[in-house]
Amino acid sequence: MKIATWNVNSIRARLPRLLDWLGRQQPDVVCLQETKVVDALFPRADLEALGYQCVFTGQKTYNGVAVLSRTPAVEVLRDLPGEPAGSERRFLAVDVAGVRVVCVYVPNGREADSPHWLAKLEWLERLRAFLADSLATVPELVVCGDFNIAPGDADVWDVALWQGQNLFTGQEKAMFDRLLDLGLTDTLRHHQPGPGVFTWWDYRNGALHRGWGLRIDHILASAALAGRLLKAEVDREARKGSQPSDHAPVIADFGGRPAGEF
DNA sequence: ATGGCTACTCCTAGTAGA
């Protein structure tokens with residue numbers, strides 16, 4: 001079971017590249033972030049034509065998340081418990097083939113210690129509580145998305161530059177560790193423990209080819225799934241060429257269940 | 001490296017992203 005996450009930075013601007021990428025990678029489940037489109041205009045037909053079912057929750061201009069799947073997905077929740085009504089579209093939980101898939105677009109935070117950054121930590125705390133509840137009853141769970149946290153020194157290209165900055169503060173890294181403490185495995189880190197494995201590069205200044213990147217997109221898996229992890233990687237090729245997203249997809253491949261359960 | 005890019009919008013300037 002290939003599960004991917006990709007911040008596409010507008011699904012309409014990225015549609016040709018997304019369709020091409022789906023055809024090439026053939027993932028079973030894809031979590032998308034920053035779709036930036038209201039539900040009425042989500043390009044469902046183009047994705048269904050490729051054999052993908054779509055569950056999505058979006059808004060105009062900002063945010064928006066979706067889960068694509070080759071087998072039916074049952075929506076579980078589209079509002080993170082504790083969020084006020086009409087909140088930003090950043091969360092979606094679905095069940096696919098016995099796996100609970102949680103798609104998140106964590107608030108950016110903008111600047112350390114700013115009101116936006118404090119709201120980011122509060123959002124993460126609500127996510128932690130939701131995941132703790134879910135893991136009590138659901139053994140196979142993945143949390144996929146743009147976490148806007150580089151969890152360790154290996155995940156930024158210049159530790160001194162990033163020290164204490166938004167995405168790399170001690171509080172954000174501690175919160176990420178608390179998520180892992182729920183029993184989740186950082187699949188990409190687990191499979192590729194070395195430094196310099198990044199998922200985002202600034203559009204400016206040739207950041208991609210200069211290696212100025214961050215690892216902020218993650219696939220966290222519960223123990224039952226992580227035990228079947230075959231591979232996890234960044235599709236850096238998808239960041240190249242014309243009109244890319246500034247994020248690259250992350251893909252985790254989990255082996256099948258014992259015979260008879262699929 | 002504090003933006004020199006990209007995408008969005010009651011669009012030609014301001015906001016946001018990370």
Side-chain angles (χ1 to χ4, degrees), chain A residues 5-19 21 31-43 56-66 87-91 103-124 127 144-173 175-176 188 195-218 234 236 238-250:
Chain A
T5 185
W6 194 7
N7 179 326
V8 290
N9 186 14
S10 170
I11 193 169
R12 288 179 293 173
R14 217 63 60 212
L15 191 59
R17 290 192 66 127
L18 174 61
L19 296 174
W21 178 82
C31 294
L32 300 175
Q33 301 85 37
E34 285 207 87
T35 53
K36 297 188 176 181
V37 67
V38 294
D39 292 350
L41 298 178
F42 190 91
F56 44 86
T57 179
Q59 66 183 85
K60 192 164 63 176
T61 311
Y62 304 118
N63 311 310
V65 289
S87 61
E88 297 179 330
R89 304 290 81 201
R90 297 178 175 278
F91 173 91
C103 177
V104 298
Y105 175 46
V106 177
N108 172 285
R110 300 194 192 179
E111 191 168 339
D113 301 321
S114 70
H116 286 100
W117 180 87
L118 291 167
K120 175 185 193 175
L121 292 180
E122 289 166 3
W123 196 96
L124 285 161
L127 176 64
C144 306
D146 177 355
F147 285 70
N148 274 314
I149 300 173
D153 286 356
D155 304 320
V156 300
W157 80 91
D158 184 333
V159 172
L161 176 72
W162 279 94
Q163 205 64 257
Q165 299 293 314
N166 181 44
L167 316 186
F168 198 61
T169 62
Q171 292 94 324
E172 289 160 84
K173 288 183 270 189
M175 182 58 82
F176 190 86
L188 184 57
V197 177
F198 300 138
T199 66
W200 173 89
W201 298 262
D202 199 298
Y203 281 124
R204 295 164 290 192
N205 302 313
L208 177 67
H209 88 265
R210 295 166 100 156
W212 292 345
L214 302 174
R215 190 176 73 96
I216 54 177
D217 300 271
H218 309 294
V234 177
R236 194 170 171 280
R239 177 62 180 76
K240 298 178 180 176
S242 67
Q243 294 190 287
S245 169
D246 45 357
H247 295 252
V250 180

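Computed over heavy atoms, backbone and side chain alike; hydrogens, waters and symmetry mates excluded. In what follows, every chain begins at residue 1, and chains take the letters A, B, ... in the order their sequences are listed. Small disclaimer: the values here were computed from a predicted structure and weren't measured.
By the salt bridge (Lys or Arg N to Asp or Glu O under 4.0 Å) test, A:R204 is found to be paired with A:D202, residues two or more places apart in sequence or in another chain being considered.
Atom OH of A:Y62 and atom P of B:dA7 are 15 Å apart (whole Å). The distance between atom CD1 of A:I216 and atom P of B:dG17, rounded to the nearest whole Å, is 12 Å. Between A:Q59 atom CD and B:dC8 atom P there is a gap of 14 Å when expressed in whole angstrom units. Atom P of nucleotide B:dC5 and atom CD of A:E34 are separated by 19 Å, given to the nearest angstrom. Distance, A:D217 CG to B:dG17 C1': 13 Å, rounded to whole Å. Remark: P of B:dC5 and CG of A:L208 are 16 Å apart, rounded to the nearest angstrom. Between A:N9 atom CG and B:dC5 atom C1' there is a gap of 10 Å when expressed in whole angstrom units. The CG atom of A:D202 sits 11 Å away from the P atom of B:dT2 (whole-angstrom rounding).
Using P as the reference atom, B:dC5 and B:dC11 are 24 Å apart when rounded to the nearest Å. Across the C1' atoms, B:dA7 and B:dT12 are found 15 Å apart, a figure rounded to whole Å. Comparing the P positions of B:dG4 and B:dG14 gives a spacing of 14 Å, expressed to the nearest Å. Comparing the P positions of B:dC8 and B:dG3 gives a spacing of 25 Å, expressed to the nearest Å. If you take atom P in B:dA1 and the same atom in B:dA13, they sit 31 Å apart, rounded to whole Å.
Residue-level contact check: A:W117 touches neither bases nor backbone, having no heavy atom under 4.0 Å from any strand. A:D158 comes within 4.0 angstrom of nothing in the nucleic acid, heavy atoms only. A:H116 comes within 4.0 angstrom of no nucleic acid atom, judged by non-hydrogen atoms across all strands. Residue contacts shown for A:F147 are absent, as no nucleic acid heavy atom lies under 4.0 Å away. In this structure, A:N63 reaches neither bases nor backbone, as no heavy-atom distance under 4.0 Å exists between it and the strands shown.
A:E172 contributes atom CD, which lies 5.5 Å from atom CD1 of A:I149 (distance to the nearest 0.5 angstrom).
Closest contact between the side chain of A:R110 and the listed nucleotides B:dT9, B:dA16, B:dA7 involves B:dA16. Closest to the side chain of A:L161, from the set B:dA1, B:dG17, B:dC8, is B:dA1. You'll find that the side chain of A:W157 is closest to B:dA1, out of B:dC8, B:dG17, B:dA1. Nearest nucleotide to the A:Q165 side chain, out of B:dA1, B:dT2, B:dC8: B:dT2. Of all nucleotides listed (B:dG17, B:dC5, B:dT9), B:dT9 comes nearest to the side chain of A:R12.
Ranked by how close their nearest DNA chain B nucleotide is to the 5' end, A:A207 and A:N7 are led by A:A207. In terms of position along DNA chain B, the nucleotide closest to A:T61 lies nearer the 5' end than the nucleotide closest to the other residue of the pair A:T61 and A:Y105.
Between A:K60 and the phosphate of B:dC10, there is a side-chain N or O to OP1/OP2 separation shorter than 4.0 Å. Residue A:R14 places none of its side-chain N or O atoms closer than 4.0 Å to OP1 or OP2 of B:dT6.
Taking 3.5 Å as the limit, the base of B:dA1 and the side chain of A:N205 contain a donor-acceptor pair of atoms between them.
In this structure, A:F42 and A:F56 have parallel ring planes: the angle between them is below the 30° cut-off, well short of the 60° mark.
Figure legend: A:K36 and A:Y62 shown without cation-pi pairing, the cationic atom not lying both under 6.0 angstrom from the six-membered ring centre and within 45 degrees of its axis. Judged by the 6.0 Å distance and 45° axis criteria, A:R236 is positioned over the aromatic ring of A:W201.
The environment of A:Q163 atom CD is dense: over 12 non-hydrogen atoms of other residues, nucleotides or ligands sit within 6.0 angstrom.
Listed for the A:W6 side chain is a donor-acceptor partner under 3.5 Å among the backbone atoms of A:H247.
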